[in-house]
Each structure stands twice: as structure tokens, then as C-alpha cells.
Amino acid sequence: GTGSGSLSHALIRTVAPTGHLYTVEFHQQRAEKAREEFREHGVEHLVTVTNQDVCKNGFGVSNIADAVFLDIPSPWEAIGHAKSALKAEGGRICSFSPCIEQVQRTCLAMEEYGFTEINTLEILLRVYNVRTISLQIPDLGKAAEGNSSTGFDSSNSSNQGSLCTNLQQGTVQFKSGVPLREMVGHTGYLTFATKS
């Protein structure tokens with residue numbers, strides 16, 4: 001799926017000046033818009049945009065692609081066509097899916113069509129807030145005051161001062177990383193495989 005064409009632009013920069021990108025878009029208006037943008041950006045000689053359903057009609061090329069990238073709702077339906085588009089051996093396929101159920105079906109189809117080295121990675125970006133947290137020191141009674149399990153060496157007089165200060169204040173401070181409670185966006189999965 002060509003979509004907005006932003007990944008296509010990145011791929012064109014990667015294969016230029018001697019490679020060629022074949023991109024297929026199901027929606028006619030998106031395909032036309034992508035062609036127009038590629039022309040405006042002066043890269044139309046490096047890309048061919050086709051408007052068709054890759055799950056039913058394939059990619060329009062056979063045995064020439066070094067790699068196939070799928071960003072479609074049901075990638076498992078296009079695995080056979082992707083295999084046909086890839087060069088005779090050693091071509092790679094990558095499929096993006098937002099749901100793990102899509103990944104499972106895609107992996108099964110890859111195995112069915114003889115792909116090897118199948119692996120998936122999750123592409124979730126998680127932001128953590130680093131902050132100082134104060135926790136109360138539990139009252140363990142007098143016996144615990146000299147106990148070395150507090151993490152301080154009782155033979156070191158400089159630690160004795162810190163320990164007393166912390167015990168008198170009743171709190172200890174430390175840095176902690178906490179993920180945001182709400183995140184804008186969602187996860188996704190990239191599944192890779194090699195044509196055997």
C-alpha cells in the first residue's frame with residue numbers, strides 16, 4: 001500500500017540512482033496523488049505506481065524484486081504474489097501489521113510458501129518520565145537501627161550521618177522511570193522473512 005507515499009520517498013532515496021521502486025496502491029485517488037508527488041519531487045524515473053489489489057492481482061512484476069514491503073490489512077493474502085515478485089532466491093519480505101493476529105496469519109502464510117528466517121519485532125516507542133520519588137522508611141524498631149541491611153556501611157562515619165538524617169526525616173529519595181499513563185499512538189509489528 002503506497003498510502004501517503006512517505007515510506008516510498010525514503011525507499012526511493014535508498015535505491016537511487018540505479019534502483020527502482022514498484023509501489024502498488026489499492027485506492028485510485030491515493031495512487032494518482034502519489035504519482036503527482038513523485039513527479040513534483042523529480043523522482044518519477046525511479047518509481048512505478050500501480051493501482052490494483054495486490055491480494056488478487058499481485059504486484060505486476062515477476063522475479064525482479066530484491067525486497068517486498070507489505071503495509072496492507074491482510075498481508076497473508078499477498079504472500080504468494082510477493083514470492084513471485086521476488087528475485088529467484090534470497091529476496092527478503094517485510095510486513096507491517098498493527099495487530100498480533102495479523103502477524104500470526106502472515107507468519108503461517110510465509111511458512112506455507114516456503115519462506116525461512118521468519119522473525120517479528122514490535123515497534124512500540126515508550127516514553128518514561130524520570131522523577132525523584134520519596135518513600136517513607138518503615139519503622140523496624142530499635143534493633144534495625146544498627147542493621148547493615150539498610151544499605152549503609154555502619155563502619156563508615158560519613159554513611160552514619162546520611163543514615164541518621166534519612167531515619168530522622170523518615171523518607172528516602174531515589175530516581176525512578178515511570179511510563180506515561182496515556183500514550184498517543186499504538187504499537188505495531190514488523191515481520192521479516194527470506195525467500196528460500
Side-chain angles (χ1 to χ4, degrees), residues 1-110 112-113 115-127 180 182-195:
T2 309
S4 67
S6 86
L7 179 60
S8 293
H9 278 85
L11 293 172
I12 290 167
R13 285 193 299 273
T14 301
V15 302
T18 57
H20 195 84
L21 173 69
Y22 295 88
T23 183
V24 184
E25 174 55 50
F26 179 78
H27 298 283
Q28 184 178 357
Q29 287 179 327
R30 284 190 204 155
E32 290 170 4
K33 179 69 174 164
R35 275 191 208 99
E36 180 184 321
E37 284 188 5
F38 295 140
R39 194 169 35 257
E40 287 173 4
H41 299 157
V43 294
E44 73 274 8
H45 63 289
L46 297 170
V47 60
T48 299
V49 181
T50 306
N51 172 225
Q52 65 188 37
D53 182 348
V54 296
C55 296
K56 292 180 182 173
N57 305 91
F59 294 87
V61 295
S62 297
N63 301 315
I64 65 165
D66 292 303
V68 171
F69 183 82
L70 297 174
D71 184 3
I72 56 177
S74 53
W76 58 91
E77 294 178 357
I79 298 298
H81 295 298
K83 184 175 182 178
S84 298
L86 288 167
K87 62 186 181 180
E89 60 181 72
R92 295 278 286 162
I93 186 171
C94 176
S95 173
F96 170 77
S97 296
C99 301
I100 196 67
E101 293 82 7
Q102 293 169 308
V103 172
Q104 291 170 322
R105 292 184 74 172
T106 302
C107 288
L108 288 172
M110 287 175 171
E112 182 183 322
Y113 281 96
F115 283 88
T116 59
E117 300 175 357
I118 301 169
N119 60 64
T120 299
L121 63 92
E122 186 174 10
I123 52 172
L124 175 68
L125 174 66
R126 295 187 71 183
V127 177
L180 301 176
E182 294 181 18
M183 291 184 359
V184 177
H186 57 82
T187 191
Y189 303 90
L190 289 172
T191 300
F192 299 90
T194 303
K195 183 176 179 181

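Along the sequence shown, the residues carry numbers beginning at 1.
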Where [X] and [Y] come nearest, the two heavy atoms and their spacing:
X     : Y     : answer
Val68 : Ala85 : CG2-CB, 4.5 Å
Pro17 : Leu46 : O-CD2, 3.8 Å
Ala78 : Val54 : CB-CG2, 4.1 Å

Within this structure, what is the [atom1]-[atom2] distance for the pair [X] and [Y], rounded to the nearest 0.5 Å?
X      : Y      : atom1 : atom2 : value
Leu70  : Ser97  : CG    : OG    : 8.5 Å
Leu190 : Glu122 : CG    : CD    : 10.5 Å
Ser84  : Ile79  : OG    : CD1   : 11.5 Å
Arg105 : Ser95  : CZ    : OG    : 12.5 Å
Glu25  : Ser4   : CD    : OG    : 9.5 Å
Glu77  : Ile72  : CD    : CD1   : 7.5 Å

I'd like to know whether Phe192 forms a side chain to side chain contact (heavy atoms under 4.5 Å, CB included) with Glu117, so could you lay out the CA-CA distance, the side-chain angles of the two residues, the decisive distance to 0.1 Å, and finally the verdict. CA-CA 8 Å; Phe192 299 90; Glu117 300 175 357; over 6 Å; no

Quick one, [X] and [Y] - any side-chain contact, counting heavy atoms below 4.5 Å?
X      : Y      : answer
Glu32  : Arg35  : yes
Thr191 : Ile118 : yes
Ile93  : Phe115 : yes
Lys83  : Lys195 : yes
Leu108 : Tyr113 : no
Tyr189 : Ile123 : no

Backbone N or O of Pro73 within a donor-acceptor pair of the Gln102 side chain at under 3.5 Å? yes

Sequence neighbours left out, what pairs pass side chain to side chain donor-acceptor pair (under 3.5 Å) with at least one residue falling in residues 7-24? Thr2-Thr23, His9-His41, His20-Thr48

Once side chain to side chain donor-acceptor pair (under 3.5 Å) is applied, what residue pairs with a partner in residues 50-70 remain, sequence neighbours excluded? Asp66-Lys87

Basic-acidic side-chain contact under 4.0 Å: Glu44, Arg39: no

Other residues, nucleotides, ligands: >12 heavy atoms within 6.0 Å of Glu89 CD: no

So the ring pair (Phe, Tyr, Trp, His ring centres under 6.0 Å) pairs with at least one residue in residues 42-96 (sequence neighbours excluded) are none

